[in-house]
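Before any comments, here is the structure.
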2 protein chains.
Amino acid sequence: MNMNPVSRGVSADDLDPKAVLEVCVCHNIRRAARAMARRYDAALAGAGLTTGQFTILAAAAALSPLAIPVLREILALDRTSLNRTLKPLEQRGLIEVSPGAGRRPGRIALTDDGALAFRDAGPLWRAAQAEAAQRLGTGRTGQLLGLLTGATAVFHD
Amino acid sequence: MNMNPVSRGVSADDLDPKAVLEVCVCHNIRRAARAMARRYDAALAGAGLTTGQFTILAAAAALSPLAIPVLREILALDRTSLNRTLKPLEQRGLIEVSPGAGRRPGRIALTDDGALAFRDAGPLWRAAQAEAAQRLGTGRTGQLLGLLTGATAVFHD
DNA sequence: GATATAACGATGTATATACATCGTTATGAA
DNA sequence: TTCATAACGATGTATATACATCGTTATATC
């Protein structure tokens with residue numbers, strides 16, 4: 001029997017699924033991000049923070065008071081996603097959100113408790129970051145950071 | 001007033017929040033992953049799939065039937081997370097999950113509908129992947145893939 | 001053969017993330 | 001001045017992701 005591509009229902013345009021797993025940039029970056037986030041989250045759990053929350057506190061610490069759209073750019077996060085993500089931090093009193101009416105954006109500011117939490121998390125983040133650099137190797141860490149920054153720049157809207 | 005570090009409550013061990021945003025590997029990889037996933041998800045929406053679902057179909061297409069713990073390794077996903085993620089695909093009839101009793105792992109197989117969906121998504125994924133490579137540059141794409149594969153290897157349990 | 005261990009799936013809870021959509025309002029164009 | 005547009009936050013819905021925990025059961029140890 002002649003199993004040419006057409007009779008098998010397989011065209012030359014069909015994907016090689018194994019190759020997809022190997023070269024898909026999206027799959028590979030998300031997989032690495034998951035593996036890494038688990039480590040950072042485990043470390044920061046000692047301060048009662050997730051990596052995402054810690055990052056928001058860092059941005060607030062660096063730029064407080066901070067317009068929410070600016071934070072959106074820093075995080076490359078969707079508008080509705082960020083607004084939701086801020087809720088737990090606000091309810092725990094780590095940040096203060098001043099609403100902006102209508103078309104005016106709101107602003108967030110780090111509270112004293114937020115500054116405390118950020119400081120408490122400092123050594124834990126440093127340990128996670130140091131372990132990451134050690135596992136990756138210093139050279140590769142810098143290389144990776146550069147590529148990720150570039151990727152964010154060319155992919156974010 | 002002498003605002004030395006101690007009286008200000010600032011020690012030399014405190015983090016520079018701006019530097020944290022710049023060098024935190026976890027923040028930077030997650031941010032890039034978000035920006036990238038939005039593009040791939042938008043492209044694959046034409047086939048009714050998310051990037052994660054497409055990746056699972058690719059794994060099933062490559063290795064069907066596939067033991068769930070093997071898929072966990074491929075995706076570097078938590079056990080409970082993967083089991084939940086499989087549910088929508090199973091309910092839509094794109095994969096078939098054969099349960100494994102007790103300590104025996106379950107297996108998944110691509111259904112005919114799943115194979116159809118994966119094939120339909122082929123051109124969409126190819127377009128997203130091509131655009132990613134074009135935005136990053138071919139050289140950087142390969143470099144990034146290599147670093148991400150290495151990162152997954154050294155971070156995943 | 002009895003028992004401790006470990007791997008499995010399921011579930012509860014919480015955060016993360018996005019899109020579509022709605023109501024509000026500031027701003028620019030007619 | 002009126003009116004269309006656009007940016008904002010809020011909400012509904014869906015997927016993504018993890019940890020703690022529970023009950024089940026195969027396997028290893030004694």
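Throughout, protein chains are lettered first and strands after them, A, B, ... in sequence-line order, and every chain is numbered starting at 1.
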Does A:R140 have more than 12 heavy atoms from other residues, nucleotides or ligands lying within 6.0 Å of its CZ? no
Could you check whether atom CZ of B:R107 has more than 12 heavy atoms from other residues, nucleotides or ligands sitting under 6.0 Å from it? no
Report the distance from atom [atom1] of [X] to atom [atom2] of [N], rounded to the nearest whole Å.
X: A:R79; N: C:dA16; atom1: CZ; atom2: C1'; result: 17 Å
X: A:N83; N: D:dA7; atom1: CG; atom2: P; result: 15 Å
X: A:K87; N: D:dA10; atom1: NZ; atom2: C1'; result: 7 Å
X: A:L75; N: C:dT17; atom1: CG; atom2: C1'; result: 12 Å
X: B:L77; N: D:dA16; atom1: CG; atom2: P; result: 9 Å
X: B:I68; N: C:dA10; atom1: CD1; atom2: P; result: 8 Å
X: B:L44; N: C:dC19; atom1: CG; atom2: C1'; result: 15 Å
X: A:Q53; N: C:dT17; atom1: CD; atom2: C1'; result: 14 Å

If you compare every side-chain N and O of A:R104 against the phosphate oxygens of C:dT27 (OP1, OP2), does one of them come in below 4.0 Å? yes
Check this one for me: any side-chain N or O of B:T50 less than 4.0 Å away from OP1 or OP2 of D:dT15? no
Looking for any heavy atom pair under 4.0 Å, which part of the strands does [X] touch: base, sugar-phosphate only, or nothing?
X: B:P69; value: sugar-phosphate
X: B:T80; value: base
X: A:R34; value: sugar-phosphate
X: A:L82; value: nothing

Need to verify one output field. Residue with the more 5' nearest nucleotide on DNA chain C, A:D78 or B:P99? B:P99
Ignoring hydrogens and geometry beyond distance, is the side chain of [X] in donor-acceptor contact with the base of [N] at under 3.5 Å?
X: B:R84; N: C:dG12; answer: yes
X: B:R30; N: C:dT15; answer: no
X: B:R103; N: D:dA26; answer: yes
X: B:R38; N: D:dT15; answer: no

If you check the A:R72 side chain, which of C:dA18, D:dG9, C:dA16 turns out closest? D:dG9
Which listed nucleotide (D:dC8, D:dT15, D:dT27) is nearest to the side chain of A:P105? D:dC8
Note: for A:G100 and B:G52 on DNA chain D, the residue whose nearest nucleotide lies more 5' is A:G100
Taking the nucleotide of DNA chain D with the nearest heavy atom to each, does B:P88 or A:A35 sit closer to the 5' end? B:P88
Sidechain N-carboxylate O distance under 4.0 Å for B:R135, B:E131: yes
Less than 4.5 Å apart, any side-chain heavy atom of [X] and any of [Y]?
X: A:V20; Y: B:F54; result: yes
X: B:Q53; Y: B:R92; result: yes
X: A:R126; Y: B:L15; result: yes

